[in-house]
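Notes follow the structure.
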Amino acid sequence: MHERKLDGYRLQCHVNFGVGALLSRNGLDWSDRFPTLLAAAVELAGSRQVVLDGEVVMNGADEASAFQTLQTALKIGRTAGAVYWVFDLLWYDALDLRPLPLSERRAALLRLFQQRPPRSRLRLMPELRGPVNQMLAAACAAGEEGVMSKRRDAPYRAGRSHSWLKIKCRAQDEFVVVGFTAPRGQRKHIGSLLLASRDIGSRTLRYVGRVGSGFSDHALRNIAASLHVRATMPALLRLTTELPGHVTWVDPDLVVSVTFAEWTSDGLLRQATYAGVREDKSVKDVIRETVNPTPGVTLSHAERVIFPEIGLRKADLGAYYEAVAPLLLPHVAGRPLSLLRCPDGAEKGCFFQKHWPVTRGVKIPTRTVAESDGSADPYAVVMTASDLVALVQMNVVEIHAWGSQFPDIERPDRLVLDFDPGPGVSWSAVCDVAHTAREVLATLGLECWVKLSGGSGLHVTVPFTGALSWEQLTMFSRLLAMHIANRDSRRYTAVMSKSARHKRIFIDWLRNSRGATAVAPWSVRARTGAPIAIPLFWSELDDVPRGDLMSLPDVHEYLGASPTDPWRGMLAVEQSLTVEMVQALGATNR
């Protein structure tokens, strides 16, 4: 379902038998800021227990919501004109509605609002209908923020989740204030604010430019009063460009919202306009949504559209791979790669390339690998974020890696099982077999990690050390797949033939032989919508509705909301696949 994206403060309203509270997203009690709204919510709930979720703005149903107007009203204590747009019902009487799908929570919310006057300050968020592109165009023409798209079948999850997608009219993000310049002419208090952001996976802030427009005198005065001046530049701040003169540094503890036209080639904001202070967000919440390719790697034809259905360009793909490099590189660096190249876009003529001639114009590291036929051929082997962007320059979309790495590629260190559903198989069944695999591996004393394939299935990965050869790994993975399949032969099969896969899940163990590859975690897939092969925590798996859920346009926000890497533990685990395990599986399959 689709709704207007508002530009206000997200608040939960808790009412318990006539006593209510309004809570911000970081748990602050804002009841005294919006007494009129709280009174309306208490009246709506009556003698019931109710928890509402919604957003407070200062405008009516047909007007663009203005965040700075709301902030000004809060500062001067005049919030009687605020409107609370309610879009979810989390609790009703003694019933916890959060496990229910959004469609059922929405139906309960409609019933709750049936007797509510249409012009009340407490309003039900209307559902938008029609083609998304038309809804977005209408929202942008009206000066709105954009459109929120939500999965109807999703339960409620605190914080951001995979089930919500923001489709914005213009670039807007939150930044940390790290300094300011002196005012000039008739201006008072501050000239411009110096802004910084944090790349995905980094603790260091990076300077991204200044904002000097969009301020009211009232906003300038309040911001100046809230900044804490310091003698030196913050320690965790990286500069990539020359600063303006006469900078006054401040403690990096104020977060502001800024709209802007685009990012420049040197990683600065262009045509930035101040939108307001984000009291409901902390510095740790600030993650840069998009980044520019690493200096030194130039993307030619950066405007070329790779995924036309979402307008995603070559520049966006390069920016993504640089941003996700801290998470991706630990799983691909030093490994021979097979690469899916799409010179004419993801929907036309893509092809796999294993061998990477060193004569190509873009410098990509290569290592020679001996082939089974006695030849020796170069493979691409990335080591840095620059290498990833260089792959994009050569029209690479998907990255697939071997299960071993240099210098000893003859000793595999990862096992991958691909659970590939045949026709007529439900997604829940795919999740079930992944859990079953985890149980079987646990009986052998092995930990494993799960990821969405970015397609129709799931991958389970087992890291290991030891001295197994490729032949031994292939045997182990085949026996493992057979053992899992034998647990429920009506639902699972370890046989590749299409006739064996009807209404069953193929447990693909064939990725565990020398030269075979599996799609890398965090790789983009060359499929409609640019889905990501995204790692998950096991606790998240049952909340995910399909294997291609997360797409590139929304993955930046997901990473900003989920700062812990689901696969971080894999890099530290020490476990071995042993000959005894092979023998144990062989005995169970007799």
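Residues: numbered from 1 along the sequence shown.
- Cation-pi geometry between Arg4 and Trp85 is met: under 6.0 angstrom from the ring centre, within 45 degrees of the axis.
- Ion pair Asp543/Arg157 flagged as a salt bridge, since at least one NZ, NE, NH1 or NH2 atom sits closer than 4.0 Å to an Asp/Glu carboxylate oxygen.
- A salt bridge is absent between Glu303 and Arg313: the closest approach of a Lys/Arg side-chain nitrogen to an acidic carboxylate oxygen does not fall below 4.0 angstrom.
- Note that the CZ atom of Phe113 and the CE atom of Met125 stand 10.5 Å from one another [nearest 0.5 Å].
- Between the CG atom in Leu317 and the CD atom in Gln393 there is a gap of 11.5 Å [rounded to 0.5 Å].
- Between the side chain of Arg198 and the backbone N or O of Val286 there is at least one donor-acceptor pair closer than 3.5 Å.
- A donor-acceptor pair under 3.5 Å links the side-chain atoms of Glu540 to the main chain of Phe537, judged by distance alone.
- Atom OG of Ser282 is separated from atom CG of Leu254 by 12.0 Å, given to the nearest 0.5 angstrom.
- One distance of note links CZ of Arg184 with OG of Ser192; it measures 8.5 Å at 0.5 Å rounding.
- Ser31 OG to Leu22 CG: the interatomic distance, rounded to the nearest 0.5 Å, is 5.0 Å.
- Residue pairs that meet the ring-ring contact (aromatic ring centres under 6.0 Å, His included) test with at least one member in residues 211-253, sequence neighbours left out, are Phe215-Tyr274.
- Atom CH2 of Trp567 is separated from atom CH2 of Trp522 by 10.0 Å, given to the nearest 0.5 angstrom.
- Atom CZ of Arg78 sits in a sparse spot, with 12 or fewer heavy atoms from other residues, nucleotides or ligands closer than 6.0 Å.
- Listed for the Tyr84 side chain is a donor-acceptor partner under 3.5 Å among the backbone atoms of Gly54.
- Partners of Thr273 under the side chain to side chain donor-acceptor pair (under 3.5 Å) rule, at least two apart in sequence or in another chain, do not exist in this structure.
- Put simply, the residue from Arg25, Arg33, Arg10 that forms a salt bridge (Lys or Arg N to Asp or Glu O under 4.0 Å) with Asp280 is Arg25.
- With contacts defined as side-chain heavy-atom distances shorter than 4.5 Å, the pair Met394/Ile364 qualifies.
- Remark: the backbone N or O of Ile399 is paired with a side-chain donor or acceptor of Ser523 at under 3.5 angstrom.
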In sequence, state the C-alpha distance, the side-chain angles, and the governing distance for Trp91 and Tyr156, and then conclude on ring pair (Phe, Tyr, Trp, His ring centres under 6.0 Å). CA-CA 11 Å; Trp91 196 277; Tyr156 184 88; over 10 Å; no
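- Within a 6.0 Å radius of CG in Asp217, no more than 12 heavy atoms belonging to other residues, nucleotides or ligands are found.
- Across Leu327, Leu452, Val544, a single residue satisfies side-chain contact (heavy atoms from CB on, under 4.5 Å) together with Ile534, and that is Leu452.
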